[in-house]
Number of protein chains: 2
Amino acid sequence: MEGRIVSNSPVIGKSSRKVTIRDVARVAGVSTATVSATLTGSAPVSAPLMERVRAAVAEVGYRPDAIARSLRRGETRMLGLLLADITNPFTTAVVHAVEAAAHASGYTLMLCNSDEDPAKERTYLDLLRTHRADGVMLMPVGFGRDYGQQIRRTLDVPAVLVDRTIPGLPLDAVTVDGRTGTREAVGHLATLGHRRIAILSGPAGVSASDERVTGYRAALDEAGIAFDPSLVRDGAFRQDPARAATLELLRAAEPPTALFACNNLMAIGMMRAVAEMGLDCPRDLSVACFDDFDWAEAFQPRLTTVAQPTDAIGGQAVALLLGRLGEAAAPGLRHIVLPPRLIVRDSCAPPPRARRCA
Amino acid sequence: MEGRIVSNSPVIGKSSRKVTIRDVARVAGVSTATVSATLTGSAPVSAPLMERVRAAVAEVGYRPDAIARSLRRGETRMLGLLLADITNPFTTAVVHAVEAAAHASGYTLMLCNSDEDPAKERTYLDLLRTHRADGVMLMPVGFGRDYGQQIRRTLDVPAVLVDRTIPGLPLDAVTVDGRTGTREAVGHLATLGHRRIAILSGPAGVSASDERVTGYRAALDEAGIAFDPSLVRDGAFRQDPARAATLELLRAAEPPTALFACNNLMAIGMMRAVAEMGLDCPRDLSVACFDDFDWAEAFQPRLTTVAQPTDAIGGQAVALLLGRLGEAAAPGLRHIVLPPRLIVRDSCAPPPRARRCA
DNA sequence: TCTTTGTTCCGTAACGATTAGCTAATCGTT
DNA sequence: AACGATTAGCTAATCGTTACGGAACAAAGA
């Protein structure tokens, strides 16, 4: 006979046979109903039987099967977490809070990353439906009227939008006040004396970007600075486009003296461009951005940022979603808007009048 | 009658009634077996019937229920992803690759974050068992002999260790060659003329840390530099301990002229300390670290780093795990060791002899 | 005409847990 | 002692899907 089996089974693999509730019942000498009752507490069980059941559970090494339970109960205790970009530190900070809150409430997360691709997002929305997630937290990537409608059609469970809202999509949402945050940061620049302040925006139509641009214009108005459309550049919330846009801005005939990036990725692209141009910050140019980094304290220039309350965002998102899961679902839509916080560091200074004098 | 129902149902909620395969079968005038066969292709179905089934599926808006399918088939097409720290950019880069690979193979991820807590890790291991994940990818947080045994007991499906190995835990693994990476980086510092090179290590006993310290000593040997234990400080792979350790090192009687941090978090802590001491890098002090950052090009000092191939790590981890899932599980253990890459930037320079002369 | 060989398709028994519905048994109360 | 009320535990149906064994029927060979 060929094909001997060498008995070195070092690799942990699938176990021999599934231990079911029936095995426990048999060993304990009770019915499966009683085992279930002791384990879930759904019905009263006498102390001695409980003891026998627990002993039997330990003896046979029984773990209840969540799949079977989900099928029967009609709930999975799983939440979909559909992200636009898991690589983004802002996202991961939120995810961290979401995970903690969900875990504390006995929910597990299904990780979905759309990679900024609306098609992949829809695929995942479908997947979450088939896998019967009890609810979904969504950082949407698309925009436009049709987009909202399509999500609406695919969605079939309670959902919460995180970071962005979608017009015409009636869902609970948790966002931060991008208008105020940007207004304060740009106001800070204006106060320092800057008159030509450029902004790197995200895609037009995305709420998080639009709000921030609105805040920018508000700050300009307050400072009595005329709005110059050529100082608003779309950096698509991504690093490379932001870098390119910054280079264009800085090479223009009349370059800005200050730059504001609407998110962290664009801030990196912006700073690369600044470094490439050989400019010293904040001497030659002042910069600031939305989103904070934990390394902002450690590298030069120490960036002035608008920090988002990522813990609160994640926690509130889970709270909102779990609120919808119970029977007593409040009727109206809920939109929680959290305040950002301006952190002033070293990257902003008065504009270089010296250059003009020289 | 009190309690009118106001017909403003703006919130998307649970749908009315579940559409099952039976509904499709009824509408198409076939058996549920035939519907299943057409949808999964598990058995031959004639063209006309297929057509009718497909039409019926579209008509009633049927989505197969993955929970029921999992129960019946005994596989969930879910993979557990048990992370030590989702906030770490290295981790998220790997997760990004893992997600892409898993998604491409039709698997969904269950996101678990142990937050560097062995107890939470075990809780999640249990949970993954309960939820019947088909396999697990694990970035372990503990160490020591007992630790491996405990994981072994809890684990019940194929698993792959990522980034770290555990002695006595016979599992497939994907890691990078930390020894070579560190040896090259520290060698680079030695070549520049540094003799007192300090290293911030992770916890002793963690493979990723031990390897890197080994590489450090190898580089010292090659350069003919005597090993000085006081130049090895445990930064626990975390930011604050690394900052504290760096301050101690720099305030010592005979401070090092170069610093190497064994991971990204410690690099940040290290740089904070350097900034706090008012030292200019690389003039006063040279620094380098394991792990690369995408903002390393954008801020000062532009850090010299040892970049890990995160895409490959994630991709290989999934490949290894999926390989174990099929019937034809290869007998032996597999351990894939990937090469890191030294990226030389501006943070290393010859040591400041000037200081000694002055 | 009567097998034989193939094809489709259907009925139905799992998968493993929960729970509605039921049967006894126990306990006070009158 | 009889009665309802309460309780503990059991049986069996159920969740939605897949896969096994066989039925029905057509084509082909004897």
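Chain letters run A, B, ... following the sequence lines, proteins first, then strands; residues in each count from 1.
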Could you grab the distance from atom [atom1] of [X] to atom [atom2] of [Y], nearest 0.5 Å is fine?
X        : Y        : atom1 : atom2 : value
B/Glu75  : B/Tyr107 : CD    : OH    : 5.5 Å
A/Leu321 : A/Leu79  : CG    : CG    : 4.5 Å
A/Thr154 : A/Glu121 : OG1   : CD    : 9.0 Å
A/Leu83  : A/Leu111 : CG    : CG    : 6.0 Å
B/Arg72  : A/Leu71  : CZ    : CG    : 12.5 Å
B/Arg77  : B/Ser105 : CZ    : OG    : 8.0 Å

Can you tell me how far [atom2] of [N] sits from [atom1] of [X], to the nearest Å?
X        : N      : atom1 : atom2 : value
A/His131 : D/dG16 : NE2   : P     : 17 Å
A/Ile21  : D/dT11 : CD1   : P     : 14 Å
A/Arg132 : D/dT17 : CZ    : C1'   : 11 Å
A/Arg17  : C/dG16 : CZ    : C1'   : 12 Å
B/Leu39  : D/dT18 : CG    : C1'   : 12 Å

C/dG28 pairs with which nucleotide, Watson-Crick or G-U wobble, both distances below 3.5 Å? D/dC3

Taking the basic N atoms (NZ, or NE/NH1/NH2) and the acidic carboxylate oxygens, is any pair closer than 4.0 Å for A/Arg63 and B/Asp156? no

Here the residues of residues 65-79 of chain B within 4.0 Å heavy-atom distance, strictly under, of DNA chain C are B/Leu71, B/Arg72

Within the side chain of B/Thr123, is there an N or O that forms a donor-acceptor pair under 3.5 Å with the backbone of B/Ala119? yes

For a quick check under 3.5 Å, do A/Asp85 and B/His96 share a side-chain donor-acceptor pair by atom type? no

Can you give me the N/O atom pairs linking the protein to nucleotides 22-26 of chain D at distances under 3.5 Å, or say none if there are none?
none

If the cut-off is 4.0 Å, is B/Tyr62 near the phosphate of D/dG16, judged by side-chain N/O to OP1 or OP2? no

So, is A/Ser36 near the phosphate of C/dT18, with a side-chain N or O under 4.0 Å from OP1 or OP2? yes

What pair of heavy atoms forms the shortest contact from A/Pro158 to A/Arg324, and how long is it? CB-CB, 3.8 Å

Which heavy atom of B/Ile67 sits nearest a heavy atom of B/Asp65, and at what distance? N-OD1, 2.7 Å

What protein N or O atoms touch nucleotides 8-12 of chain C N or O atoms at under 3.5 angstrom, if any, and at what distances?
{"residue": "C/dC9", "atom": "OP1", "partner": "B/Ser46", "partner atom": "OG", "Å": "2.5"}
{"residue": "C/dC9", "atom": "OP2", "partner": "B/Ser46", "partner atom": "N", "Å": "2.5"}
{"residue": "C/dC9", "atom": "OP2", "partner": "B/Ser46", "partner atom": "OG", "Å": "3.2"}
{"residue": "C/dC10", "atom": "OP2", "partner": "B/Ser31", "partner atom": "N", "Å": "3.1"}
{"residue": "C/dC10", "atom": "OP2", "partner": "B/Ser31", "partner atom": "OG", "Å": "3.1"}
{"residue": "C/dC10", "atom": "OP2", "partner": "B/Thr34", "partner atom": "OG1", "Å": "2.2"}

